[in-house]
Amino acid sequence: MSLIRSAVVSVTFRALSPKELIDLSAKARLSGIEWGSDVHVLPGDVKTARSVREMTEAAGLAVASYASYYYAAYEANKAPFEAVLESAVALGAPNIRVWAGLGASKDADKAKRAAVAEDLLRCADLAKSAGITLSLEYHSNTLTDTVESTLQLLDEAKHDTLYTYWQAPLTVADEDQTRELELLLDTGRVSNAHIYRWETVDGNYVQQPLASAENLLTTWLSKFGADRNRFACIEFVKDGTEAQFIEDASVLNRILSKL
């Protein structure tokens, strides 16, 4: 039995107000929302965080996570992690998503990796004291831009409440995605997933409806198992339309219902 629930990353619709996004997510029959710290719930804005939490829960939705833009060991963060944590607590978020530094892993020396790991451990300790887990964005231009570097970082920053997200990197072939996902899942430290579909068209990446890869997404999501509660979060949709979002949400819910 799958313990994965459907959600949306709020940055998918930055122009919508929290109430508008909540209404749209409820219409799409999603289970939760991963609220972003860039527009909808700013770090340190406890009043807004509490209001968004109340509206989300009143609509029968869960706060899936707090998606921060905190980069570990980065001097130019717009807000300290302590402010991020303050909003996450007020939001009732079970998890905070952070970034594994800034810069490609191939360019990172031992000192940088050590600094990122040290800051992640610090943040994980702070989050744990509030009953919140910490998860890494699995993304290009960070120390989680390859599966090899991610596995190394998870070893360098061992903490019982530090996890990583998974999403399909655009530069990795579908058949290799499956192998890389399995390697990450073997660590027992994968939390949520970001869900989308991009394909190469005339040398350019073009986002596609989730229906175009329903079988592939089913294969990937079926590998997560039932070892923990997770959210599969829709991140952006083709052409950014609400109609496409509704369609993609239906596809994702159908996939999850079969797991």
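Since the structure is predicted, the reported quantities are computational estimates derived from the model, not experimental observations.
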field: Asn192 side chain reached by Ser65 side chain, heavy atoms, under 4.5 Å
entry: yes

query: Would you find more than 12 non-hydrogen atoms of other residues, nucleotides or ligands less than 6.0 Å from Lys110 atom NZ?
result: no

task: Begin with the C-alpha distance, continue with both residues' side-chain angles, and end with the deciding distance and a verdict on side-chain contact (heavy atoms from CB on, under 4.5 Å) for Val11 and Val39.
output: CA-CA 8 Å; Val11 298; Val39 173; over 6 Å; no

- prompt: Does Tyr138 reach the side chain of Pro169, with side-chain heavy atoms less than 4.5 Å apart?
  reply: yes

field: Common cluster, Phe236/Phe13, ILVMFWY with side-chain heavy-atom separation under 4.5 Å
entry: no

task: Decide yes or no on side-chain contact (heavy atoms from CB on, under 4.5 Å) for Met55 and Ile22, but give the supporting numbers first.
output: CA-CA 8 Å; Met55 289 190 293; Ile22 289 167; 3.5 Å; yes

task: Heavy atoms only: give me the nearest Val9-Cys233 pair and the separation to one decimal.
output: CG2-CB, 3.6 Å

Asn95, Thr164, Thr161 screened by side-chain hydrogen bond (donor to acceptor under 3.5 Å, both in side chains) with Ser135, the one that passes: Asn95

Lys78 side chain reached by Tyr69 side chain, heavy atoms, under 4.5 Å: no

- prompt: Hey, does the side chain of Ser250 reach the backbone of Ile246 with a donor-acceptor pair shorter than 3.5 angstrom?
  reply: no

Ala72 to Asp119 - nearest heavy-atom pair and separation: CA-OD2, 3.4 Å

cation_pi(Arg230, Phe224) dist<6.0 Å, angle<=45: no

task: Quick one: closest heavy-atom pair of Glu247 and Ala211, and the distance?
output: OE2-CB, 4.3 Å

- prompt: Would a hydrophobic clustering, with Ile, Leu, Val, Met, Phe, Trp and Tyr connected at side-chain separations under 4.5 Å, put Trp220 with Leu183?
  reply: yes

message: Rounded to the nearest 0.5 Å, what separates atom CG in Leu143 from atom CG in Asp107?
response: 10.5 Å

- prompt: Got a second to check how far Leu134's CG is from His159's NE2, nearest 0.5 Å?
  reply: 8.5 Å

Glu156 CD to Leu151 CG distance, which is reported to the nearest 0.5 Å: 11.0 Å

field: Minimum side-chain heavy-atom gap Asp248-Pro209 below 4.5 Å
entry: yes

query: If only atom types and distance count, is the side chain of Tyr196 paired as donor or acceptor with the main-chain N or O of Ala168 below 3.5 Å?
result: yes

query: Is it true that a side-chain atom of Asn253 and a backbone atom of Arg29 form a donor plus acceptor pair closer than 3.5 Å?
result: yes

- prompt: Are the side chain of Ser68 and the backbone of Ser37 linked by a donor-acceptor contact shorter than 3.5 Å?
  reply: no

statement: Between the CG atom in Asp227 and the CG atom in Leu185, the distance rounded to the nearest 0.5 Å is 7.5 Å

query: Please, which pairs that meet salt bridge (Lys or Arg N to Asp or Glu O under 4.0 Å) have at least one residue in residues 165-190, sequence neighbours excluded?
result: Asp174-Arg197, Glu182-Lys223

query: Where the side chain of Arg14 meets the backbone of Asp38, is there a donor-acceptor pair that is under 3.5 Å apart?
result: no

query: Are Leu217 and Val8 connected in a single hydrophobic cluster, I mean Ile/Leu/Val/Met/Phe/Trp/Tyr linked by side-chain heavy atoms less than 4.5 Å apart?
result: yes

- request: Answer with yes or no whether the side chains of Trp35 and Ser87 bring together a donor and an acceptor at under 3.5 Å.
  value: no

field: Sub-4.5 Å side-chain heavy-atom contact between Ile96 and Leu85
entry: yes

query: Side chains of Glu137 and His194: closer than 4.5 Å at any heavy-atom pair?
result: yes

message: Quick check: closest heavy atoms across Ala232 and Ile195, and the distance to 0.1 Å?
response: CB-CG1, 3.8 Å

same_hphob_cluster(Leu256, Leu216) at 4.5 Å side-chain heavy-atom cutoff: yes

query: Between Thr56 and Arg53, is any pair of side-chain heavy atoms under 4.5 Å apart?
result: no

Closest heavy-atom pair and its distance - Val63, Leu91: CG2-O, 3.5 Å

- prompt: Has the side chain of Glu20 got a donor or acceptor atom that lies under 3.5 Å from a matching backbone atom of Ser17?
  reply: yes

- line: dist Lys238:NZ -> Ser212:OG (nearest 0.5 Å) comes out at 9.0 Å

- request: Indicate yes or no: does Arg254 engage Glu214 in a salt bridge with an N to O separation below 4.0 Å.
  value: yes

query: Is there a path of hydrophobic side-chain contacts, each under 4.5 Å between heavy atoms of I, L, V, M, F, W or Y residues, that connects Leu42 with Trp99?
result: no

statement: Partner of Leu136 under side-chain contact (heavy atoms from CB on, under 4.5 Å), picked from Val190, Thr142, Leu120, is Leu120

message: Check this for me, if you would: do Asp145 and Lys106 make a salt bridge, where the nitrogen-to-carboxylate-oxygen distance has to be below 4.0 angstrom?
response: no

task: Look only at the side chain of Asp109 and the backbone of Lys112, and say whether a donor-acceptor pair between them is shorter than 3.5 Å.
output: yes

task: Return the minimal non-hydrogen interatomic distance between Leu30 and Ala249, and the atom names on each side.
output: CD2-CB, 3.7 Å

message: For Thr218, is there any backbone N or O sitting under 3.5 Å from a side-chain donor or acceptor partner on Ser222?
response: yes

- prompt: Which residues satisfy the salt bridge (Lys or Arg N to Asp or Glu O under 4.0 Å) test with Glu148, sequence neighbours excluded?
  reply: none

Under-4.0 Å salt bridge between Lys128 and Asp160: yes

Atom pair NE2/CZ of His139 and Arg97 - distance to nearest 0.5 Å: 8.5 Å

message: Tell me whether Lys19 is salt-bridged to Asp23, with the criterion being a basic N under 4.0 Å from an acidic carboxylate O.
response: yes

message: Is the shortest side-chain heavy-atom distance between Tyr165 and Leu184 below 4.5 Å?
response: no

- request: Measure centre to centre between the rings of Tyr70 and Phe81, then say whether the value is under 6.0 Å.
  value: yes

